[in-house]
A.B. asks: 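Starting off with a structure, shown below.
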Amino acid sequence: MGVPGPFPGSPGRPDAPAPDREEVDRALERLGAEYEAIETSLLALQDHAGRRLLEGAELSGTTKERWAEAERSITVLWSLFDAYTTALESARELRERRRWPSAEDLAELTELLHGEGVTVPATDADAETAGGDPEDGQARPGERFSLEGLVTRMNGLYARSLDVIVAADSVWSALPARIDLLSAELQRTRSLAHSVGVRLGEHPAADDLERITEELSRLRARVIADPLAFWVSSSTGSSAPGGGRPDTGRYDRAARALEDIRREVAAVLDVRQDAERRLMQLRDVLSRADRTLTEARQARGEVLAKIAASEVPAVSGPSTALHEQLAAAADYRRRAQWHRLSPLLDSLEERAEDELHRARESLTAVTAPLAVRAELRGRLDAYRAKAARHGVAEDPLLTERYDIARRMLWSAPCDLRAAEQAVWRYQQAAAEALVPLQREGREES
């Protein structure tokens, strides 16, 4: 709906000469085009899908209030259009009386086209445009307008009414369908969750699914009843009807929450598919830890029997708690309680590896004295072999010290400190016996 510009000779231009016949004809032609544009706009407004939805919906809240105002505005619009039509037809009839209008005819046409000769009622819907102060929506009989002022008032009413219709239609077009799609996805997720043991009251994800279901149901009902509560006006300050966008904040939050649940259910499904392999690996790790601890306890007994004056750490038994939790994990698998099995397996895998590491450290700590004895034995034999290569192995002092060290290392219990001293003394004696031989070798060279 457009607003015509000032006509020649209009009251807004008091000093302009009275229009001639051609100017009057051009003005009538412009007003006729304006009439057709207004009529087309009003008919389109009448047939707008958003309007039909608003008329048939059980509205509430902001939408109910604004639609009531818009309906009053639309009623006033048609009333103003009827007045505009009547005034334009009167001007056309007057112009068609004579091919060459008289000065009196031109003066009367000027008043009809540009004067404030159109009388229409006023309501609260158009009070701001008209500058009136109506009470309780009652019209003020006798309010007068020019045709241009009438178009201006109709444009304002049309824009406000169309804004309500377009905004509501935009929300209805955007949100309910998306909510329905999300609800369908929620039902698929619910079925999958139930199949993997994610059930209401047993798993937080199932409780979240129930909460999202209720939220989507409330959201859809609210969107249908009060779409304008989900409309965000344009931040650019545009006055065009429908300038803005649907507020999808609540929908987006529900969609993100559902996606989080889908990932959690997928993780539970992965646990179900991989549960047997992980349980077998856990049994293997704990079995190796138990065997290592058994070996450590046996080694400790051997060390205590064979090594004297040595502190041997105690060896603990298998972890009862881990075996109990492993049994619980197997029970969860049998009962298809995958949501409980998943976090338990994660914890058990880490703790089982720690248990195996602890068992290996215990075995290493317990067998350390035996390793020291073996190292001393190897060192003694190495020095004996070196002495034999140089022909001094049968030296009486070396033989005596070798026999002393050997008896210490091959007797039980073995005093490691004394044995280490004996090996060191043999090493010193062997080194001293080799010095003359090394000196002779240098002299010969």
Side-chain angles (χ1 to χ4, degrees), residues 275-331 333 341 343-388 393 398-431:
E276 185 59 32
R277 180 188 62 81
R278 295 176 72 183
L279 282 171
M280 290 180 62
Q281 288 181 344
L282 277 170
R283 292 189 187 99
D284 178 64
V285 171
L286 288 180
S287 178
R288 282 187 286 154
D290 292 346
R291 290 196 303 270
T292 303
L293 288 174
T294 299
E295 185 180 352
R297 285 193 296 273
Q298 293 173 349
R300 186 173 187 274
E302 181 182 353
V303 169
L304 291 175
K306 294 181 178 181
I307 307 297
S310 179
E311 295 182 359
V312 183
V315 179
S316 64
S319 174
T320 304
L322 284 178
H323 283 279
E324 290 177 350
Q325 291 180 350
L326 182 60
D331 185 60
R333 181 186 176 280
L341 180 59
L344 181 57
L345 285 178
D346 292 340
S347 173
L348 274 175
E349 286 170 342
E350 182 178 353
R351 294 176 61 192
E353 289 295 337
D354 291 342
E355 179 69 7
L356 180 58
H357 181 69
R358 182 182 69 85
R360 288 169 174 170
E361 286 184 335
S362 295
L363 179 60
T364 300
V366 165
T367 57
L370 294 178
V372 172
R373 187 184 68 171
E375 189 273 333
L376 289 173
R377 286 177 174 179
R379 194 193 311 173
L380 179 63
D381 288 342
Y383 284 123
R384 171 75 171 176
K386 183 177 181 180
L398 288 179
T399 300
E400 178 187 359
R401 291 190 176 181
Y402 175 78
D403 291 341
I404 292 172
R406 194 176 191 285
R407 282 195 302 272
M408 288 184 178
L409 288 172
W410 268 267
S411 63
C414 173
D415 187 337
L416 286 179
R417 293 186 180 89
E420 185 176 12
Q421 288 297 321
V423 172
W424 181 80
R425 285 194 298 271
Y426 177 79
Q427 177 186 353
Q428 290 296 108

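Not measured: the values here are computed from a predicted model.
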A.B. asks: Quick one: salt bridge (charged side-chain N to carboxylate O under 4.0 Å, His left out) partners of Arg351, sequence neighbours excluded?
C.D. replies: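 Checked Arg351 against salt bridge (charged side-chain N to carboxylate O under 4.0 Å, His left out); zero matches.
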A.B. asks: Can you name the residues that form a salt bridge (charged side-chain N to carboxylate O under 4.0 Å, His left out) with Asp346, not counting sequence neighbours?
C.D. replies: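 So Asp346 forms a salt bridge (charged side-chain N to carboxylate O under 4.0 Å, His left out) with Arg278.
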A.B. asks: Of all heavy-atom pairs between Val285 and Ala352, which one has the smallest distance, and what is that distance?
C.D. replies: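 Nearest heavy atoms, Val285 then Ala352: CG1-O, 3.4 Å.
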A.B. asks: For Arg283, which residues count as a side-chain contact (heavy atoms from CB on, under 4.5 Å) partner, sequence neighbours excluded?
C.D. replies: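 Arg283 satisfies side-chain contact (heavy atoms from CB on, under 4.5 Å) with Glu276, Leu279, Met280, Leu326, Ala330 once adjacent residues are dropped.
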A.B. asks: Keeping to residues at least two apart or across chains, list the ring pair (Phe, Tyr, Trp, His ring centres under 6.0 Å) pairs with something in residues 400-419.
C.D. replies: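 Pairs touching residues 400-419 that pass the test: Tyr402-Tyr426.
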A.B. asks: Could you pull out the closest heavy-atom pair between Leu341 and Ala275, with the gap in Å?
C.D. replies: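 For Leu341 and Ala275, the tightest heavy-atom pair comes out as CD2-CB, 3.7 Å.
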A.B. asks: Could you work out, with salt bridge (charged side-chain N to carboxylate O under 4.0 Å, His left out) as the rule, every residue matching Glu353, not counting sequence neighbours?
C.D. replies: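 Partners of Glu353 by the salt bridge (charged side-chain N to carboxylate O under 4.0 Å, His left out) criterion come out as none, since no residue qualifies.
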A.B. asks: Got a sec, which pairs hit salt bridge (charged side-chain N to carboxylate O under 4.0 Å, His left out) with one end in residues 362-371, sequence neighbours left out?
C.D. replies: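 Found none.
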A.B. asks: Could you tell me the separation between the OG1 atom of Thr320 and the CD atom of Gln325, rounded to the nearest 0.5 Å?
C.D. replies: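 Going from OG1 on Thr320 over to CD on Gln325, the span is 11.0 Å.
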A.B. asks: Could I get the full list of side-chain contact (heavy atoms from CB on, under 4.5 Å) partners for Ala418, not counting sequence neighbours?
C.D. replies: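 By the side-chain contact (heavy atoms from CB on, under 4.5 Å) rule, Ala418 matches Met408, Asp415.
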A.B. asks: If you look only at distance, which donor and acceptor atoms sit under 3.5 Å apart when one is on a side chain in residues 364-374 and the other is two or more places apart or in another chain?
C.D. replies:
unit_1: Thr364; atom_1: OG1; unit_2: Arg360; atom_2: O; d: 2.9
unit_1: Thr367; atom_1: OG1; unit_2: Leu363; atom_2: O; d: 2.7
unit_1: Thr367; atom_1: OG1; unit_2: Thr364; atom_2: O; d: 3.4

A.B. asks: Kindly give the heavy-atom pair with the smallest separation between Ala289 and Ala359, and that separation in Å.
C.D. replies: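 Closest heavy-atom pair between Ala289 and Ala359: O-CB, 3.5 Å.
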A.B. asks: Quick one: side-chain contact (heavy atoms from CB on, under 4.5 Å) partners of Arg407, sequence neighbours excluded?
C.D. replies: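 Applying side-chain contact (heavy atoms from CB on, under 4.5 Å) to Arg407 gives Asp403, Ile404.
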A.B. asks: With sequence neighbours excluded, tell me which residues meet salt bridge (charged side-chain N to carboxylate O under 4.0 Å, His left out) with Arg358.
C.D. replies: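 For Arg358 the salt bridge (charged side-chain N to carboxylate O under 4.0 Å, His left out) partners, ignoring immediate neighbours, are Glu355.
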A.B. asks: Which residue pairs pass the salt bridge (charged side-chain N to carboxylate O under 4.0 Å, His left out) test when at least one of the two sits in residues 293-304, sequence neighbours left out?
C.D. replies: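 Matches after skipping sequence neighbours: Glu302-Lys306.
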A.B. asks: Could you state the interatomic distance from CZ (Arg384) to CD (Gln427), rounded to the nearest 0.5 Å?
C.D. replies: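 Rounded to the nearest 0.5 Å, the CZ-CD separation comes to 15.5 Å.
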A.B. asks: Do you know which two heavy atoms are closest between Val423 and Ala405, and how far apart they sit?
C.D. replies: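 Closest pair (atom of Val423, atom of Ala405, distance): N-CB, 4.1 Å.
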A.B. asks: Within the side chain of Thr292, is there an N or O that forms a donor-acceptor pair under 3.5 Å with the backbone of Arg288?
C.D. replies: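 Yes, the answer is positive, given that a donor and an acceptor are paired below the 3.5 Å cut-off.
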A.B. asks: Hey, could you give me the CG/CD1 distance between Leu416 and Ile307, rounded to the nearest 0.5 Å?
C.D. replies: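 Leu416 CG to Ile307 CD1: 4.5 Å, rounded to 0.5 Å.
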A.B. asks: Checking His357 now: which residues fulfil side-chain contact (heavy atoms from CB on, under 4.5 Å) with it, not counting sequence neighbours?
C.D. replies: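 With neighbours one apart ignored, the set is Glu361.
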A.B. asks: Side chains of Leu286 and Leu348, heavy atoms from C-beta outward: is any pair under 4.5 Å?
C.D. replies: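 No - every pair of side-chain heavy atoms lies 4.5 Å or more apart.
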A.B. asks: Measuring from Cys414:SG to Glu420:CD, what's the distance to the nearest 0.5 Å?
C.D. replies: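 If we round to the nearest 0.5 Å, Cys414:SG and Glu420:CD are 10.5 Å apart.
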A.B. asks: Are a donor atom and an acceptor atom from the side chains of Gln281 and Arg277 found within less than 3.5 Å of each other?
C.D. replies: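 Gln281 vs Arg277: donor-acceptor pair found between side chains.
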A.B. asks: Would you give the length of the straight line joining atom CD of Glu349 to atom CG of Asp354, rounded to the nearest 0.5 angstrom?
C.D. replies: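 The CG atom of Asp354 is 12.0 Å from CD of Glu349, to the nearest 0.5 Å.
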